[in-house]
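These numbers were taken from a predicted model, which means no experiment stands behind them.
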Amino acid sequence: MRRRRIAKRETPLDAVYNSKLVQRFINMIMWKGKKSIAEKIVYSALDVASQHLDKSNRLEVLQKAVDNVRPLLEVKPRRVGGATYQVPMEVKQERGVTIALRWMRDLARKKKGKSMGGRLADEIIDAYKGQGAAIKKREETHKMAEANKAFAHFRW
């Protein structure tokens with residue numbers, strides 16, 4: 001190793017729910033440093049999603065949605081002797097949550113018609129119910145890992 005290991009910075013808790021997960025989601029939604037707008041979007045999405053699902057605990061709704069979307073396996077390219085293999089690897093908890101939040105954000109941004117808060121709420125509701133584009137993406141990732149199981153011995 002050439003340089004020292006970079007210390008992982010601790011994410012602060014968000015103001016409303018005292019949750020690291022919500023704060024990470026806000027930071028991920030944020031565009032060009034406009035944090036107050038990102039906060040409004042995320043909080044409104046959580047409100048709409050919890051009302052739609054008749055749940056009082058908004059944090060629980062987001063947590064379950066993220067857990068449903070979080071991938072357990074992914075493929076990483078490994079170069080072995082001139083050939084590149086897609087090697088299936090297990091995903092750590094922290095990275096899985098990051099991927100889940102990123103997928104939900106990107107899929108909400110792709111949708112058209114509603115405000116970002118509404119689109120994000122739809123994505124959270126679908127993920128909570130175990131359906132929708134983010135769940136499909138997770139299934140595709142798992143299928144890809146399953147298909148390349150033969151190359152698992154290249155893991156190191």
Side chains of residues 46-54: which donor-acceptor pairs under 3.5 Å do they make with residues two or more places apart or in other chains?
from	atom 1	to	atom 2	distance (Å)
D47	OD1	R58	NE	2.4
D47	OD1	R58	NH2	3.4
S50	OG	L46	O	3.1
S50	OG	D47	O	3.0

Enclosure of K40 NZ (heavy-atom neighbours >12, cutoff 6.0 Å): no
Does any non-hydrogen side-chain atom of M28 lie less than 4.5 Å from one of R102? yes
V75: hydrophobic cluster co-members (side-chain, 4.5 Å): M144
Check E123 with K111, please: is the shortest side-chain N to carboxylate O separation under 4.0 Å? yes
Within 6.0 Å of CD in E140, more than 12 heavy atoms from elsewhere: yes
Salt bridge (Lys or Arg N to Asp or Glu O under 4.0 Å) pairs touching residues 9-25, sequence neighbours excluded, are E10-K20, R24-E94
Partner residues of R95 under the salt bridge (Lys or Arg N to Asp or Glu O under 4.0 Å) criterion, sequence neighbours left out: E74
Output, in order, the C-alpha distance, side-chain angles, deciding distance and verdict of side-chain contact (heavy atoms from CB on, under 4.5 Å) for I26 and I41. CA-CA 8 Å; I26 289 168; I41 289 169; over 6 Å; no
Does some side-chain heavy atom of K136 sit less than 4.5 Å from a side-chain heavy atom of Q131? no
Measure the shortest side-chain to side-chain distance between F25 and V66 over non-hydrogen atoms and say whether it is less than 4.5 angstrom. no
Would you mind reporting whether W31 and M116 have side-chain heavy atoms less than 4.5 Å apart? no
Listing, residues 81-90 side-chain donor-acceptor contacts under 3.5 Å, not counting sequence neighbours, or none:
from	atom 1	to	atom 2	distance (Å)
T84	OG1	R79	NH1	3.3

Check: K129/N68 side-chain N/O donor and acceptor closer than 3.5 Å: no
Only residue of I29, V69, I99 satisfying side-chain contact (heavy atoms from CB on, under 4.5 Å) with M104 is V69
Please tell me if the side chains of L62 and I124 come closer than 4.5 Å, counting only heavy atoms from C-beta onward. yes
Any side-chain heavy atom of Q23 sitting closer than 4.5 Å to one from L13? no
Does E146 have any side-chain hydrogen bond (donor to acceptor under 3.5 Å, both in side chains) partners at least two apart in sequence or in another chain, and if so, which? K149
